[in-house]
Amino acid sequence: MSQFSLYAVISMLIFSIGLYGFIAHAHLVRKILAVNIMGSAIFLLLISAARRDPTAPPDPVPHAMVLTGIVVSVSFTAFALALTRRIYAETGQAYLPETEPAISAQKQDIVQK
Amino acid sequence: MDNLGTWIVWPILLPLIAIIPIFLRKRSGAANVSLVTAAAIVLAVAGLARQVLTNGEQSHAVGGWDAPLGIMLHADGLSVFMLMMTAIVGAITSIYAAGYRFQGGGDSGSSSGYFFWPLSMFLWAALNVLFLAADIFNLYIGLELLSLAAVALVTLERKRDATVAGMRYLLASFLGSLAYLLGVALLYTAFGTLDLELLGARIQPDLPTAVAIMLITLGTALKTALFPLHFWLPPAHGSAPTPVSALLSALVVKASFYLLLRLWFEVFPAALTPAIAQMLGLLGAIGILWGSFLALRQHKLKALVAFSTVAQVGYLFLLFPLASTSAGWGVDAWSGGVYHAFAHACAKAAMFMAAGTLAYAIGSDQLDHLAGTFQHYPFSVTALTLAGVSLMGLPPSGGFIGKWLLLNSALASGQWWFALVILTGSLLATGYVTMVLSHILLRPPDAAPIEPRNTRVSFTLEFAALLLALIALGLGLAATPMLALLRIGMPFTGY
């Protein structure tokens with residue numbers, strides 16, 4: 001297995017972990033973190049693709065893409081966190097309202113048992 | 001100055017330049033600067049359209065840097081068509097917003113309303129970047145700028161519903177973008193280019209490509225609100241301030257559709273199987289029926305209009321199975337789908353504006369409260385009706401041309417089941433438009449006469465909605481030159 005395929009497989013694994021976290025967690029900060037992990041997985045794939053042939057100089061195009069991708073993901077994170085704060089200020093909880101009652105219903109079940 | 005001599009850069013530069021004075025002038029003059037810029041963008045798009053009509057497709061290397069490191073802009077008939085759609089809806093929405101009173105901050109000159117102007121310019125720039133991008137990574141950039149601006153606009157009024165809907169929209173949208181970006185990364189790794197044309201020539205049907213196509217299709221379908229990925233759309237579009245709802249339903253969902261259209265017909269053809277196209281068509285068909293069905297069950301006007309968007313977006317996806325069999329009807333299906341996108345943009349924006357005006361005037365957007373509004377706001381109700389005519393697909397509206405072309409190609413290609421869905425969808429659209437009109441025009445005998453809360457509705461609001469509805473109607477009459485424009489650089493050979 002070449003170095004690149006190793007990185008490619010690892011980045012797909014990390015992407016899947018991020019996707020799982022995004023779906024499994026209702027807490028908004030966890031969701032935002034999960035999205036960032038997925039983004040990092042894609043950046044890893046691109047960076048390793050830039051140096052597939054270790055003898056040749058690295059390809060600058062994926063580097064430019066990753067830099068731009070980082071800017072986008074920082075903007076997203078800042079904006080999503082600001083929205084989360086506003087939701088917390090208005091509802092007292094950092095959950096999206098429709099996912100939140102399901103969780104409290106589960107908790108009530110546990111309490112009743 | 002050589003690089004500035006071409007029209008192609010101005011639709012992108014103008015809104016970005018305008019943001020600076022809008023921020024500097026703060027409260028006063030933001031609306032005026034935006035309106036002047038909107039007029040300038042319309043002129044720039046008209047100039048580009050003329051250039052494309054006389055000289056064919058246009059390309060431009062930004063700053064004189066060629067691909068792969070530089071950024072290429074490319075304009076063909078489809079790009080210009082989408083730019084024109086954006087310019088018309090964007091300019092008229094700006095006029096509407098100038099007269100609109102944003103909640104939580106008084107009129108559009110102060111606090112929350114003020115931010116509409118820089119953000120809408122940002123949104124406009126992002127759309128134009130997307131429509132002129134010549135490589136898959138710049139399409140991603142356009143898509144991201146677009147989602148950030150769109151979500152910020154949804155949450156403009158700081159209402160609880162809108163904030164929650166905005167958060168859901170942001171997460172769904174970013175997930176879609178990440179799926180798309182992963183697809184881009186896989187394609188670049190496999191074929192070593194981002195350029196649409198080169199990629200189309202190099203693409204091979206193998207496993208990584210299939211995964212990339214699937215990711216890109218899923219990501220853009222999520223952002224276009226294709227059934228069953230439409231869950232985020234009705235709350236976001238329904239709870240946003242009215243000018244924003246108009247922009248979102250008319251333009252933002254079309255942007256990710258445009259992206260899918262470009263990639264499917266110009267990059268992916270060598271690696272596609274008919275089964276995927278049938279799948280997309282099937283989801284589109286379910287979207288038409290399900291969205292219309294839910295629209296019929298709404299009690300609030302803006303929610304009804306938002307669900308109607310889910311249905312109308314379904315029509316766009318019928319294009320994929322109908323046009324993928326590249327015979328004579330492929331061209332019809334392709335142009336029909338794109339024409340439908342344009343007509344829906346005008347009609348839906350007009351409908352949202354009229355609905356917003358009525359809701360503002362009577363202080364509620366419950367359907368039950370609309371009775372008797374026709375006497376006070378005849379222009380808005382007329383705009384609502386005319387936009388409804390285009391959504392139903394009655395001649396001579398633009399919606400009729402789009403649906404007619406789709407219907408023709410469904411019959412010509414023997415896919416009668418899609419023809420059936422198109423007709424049923426029109427029937428259901430007639431149902432929900434009639435439902436709204438009957439609430440407005442037929443007053444129950446025992447109901448007390450309803451006194452409008454705000455009798456003084458700015459005439460700008462009514463005028464903007466009516467103008468846009470008339471354009472949606474007139475698109476049916478302008479079909480011949482518009483379709484000729486669309487054929488420049490069309491991805492079908494022999495036409």
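First the proteins, then the strands, lettered A, B, ... as listed; each starts at 1.
For Tyr7(A), the OH atom counts as loosely surrounded, since its 6.0 Å shell holds 12 or fewer non-hydrogen atoms of other residues, nucleotides or ligands. Heavy atoms of other residues, nucleotides or ligands lying less than 6.0 angstrom from CD of Glu197(B) number 12 at most. Around atom NE2 of His63(A), more than 12 heavy atoms belonging to other residues, nucleotides or ligands sit under 6.0 Å away.
You'll find the side chain of Leu178(B) stays beyond 4.5 Å of the side chain of Leu19(A), heavy atoms only. You'll find the side chain of Phe76(A) stays beyond 4.5 Å of the side chain of Val151(B), heavy atoms only. Residues Val72(A) and Phe174(B) are in side-chain contact: their nearest non-hydrogen atoms beyond the backbone lie under 4.5 Å apart.
Contact count against chain B (heavy-atom pairs under 4.5 Å) is highest for Ile42(A) among Ile42(A), Thr91(A), Leu46(A), Thr68(A). For the set Ser48(A), Pro62(A), Ala64(A), the entry with the most heavy-atom pairs within less than 4.5 Å of chain B is Pro62(A). With respect to chain B, the highest number of heavy-atom pairs below 4.5 Å among Arg86(A), Arg52(A), Met12(A), Met38(A) belongs to Arg86(A).
Atoms CD1 and CG, on Ile23(A) and Leu175(B) in that order, are 7.5 Å from each other to the nearest 0.5 Å. Here Tyr95(A) contributes atom OH and Met167(B) contributes atom CE; the two are 13.5 Å apart, rounded to the nearest 0.5 Å. Separating the CZ atom in Phe79(A) from the CG atom in Leu170(B) is a distance of 6.0 Å, to the nearest 0.5 Å. Note that the CG atom of Leu181(B) and the OG atom of Ser73(A) stand 10.0 Å from one another [nearest 0.5 Å]. Here Ile136(B) contributes atom CD1 and Met65(A) contributes atom CE; the two are 7.0 Å apart, rounded to the nearest 0.5 Å.
With a 4.5 Å cut-off on non-hydrogen atoms, Leu145(B) does not touch chain A at all. Both the backbone and the side chain of Thr84(A) come within less than 4.5 Å of a heavy atom of chain B. The part of Val184(B) that comes within reach of chain A is its side chain, from C-beta onward, which places non-hydrogen atoms under 4.5 angstrom from that chain.
Scanning both residues, Arg160(B) and Glu90(A), for their nearest heavy atoms gives CA-OE1, 3.1 Å.
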Practice item. Mind running side chain to side chain contact (heavy atoms under 4.5 Å, CB included) on Leu186(B) and Leu45(A) for me, showing each step along the way? Key: CA-CA 8 Å; Leu186(B) 289 174; Leu45(A) 178 71; 4.1 Å; yes
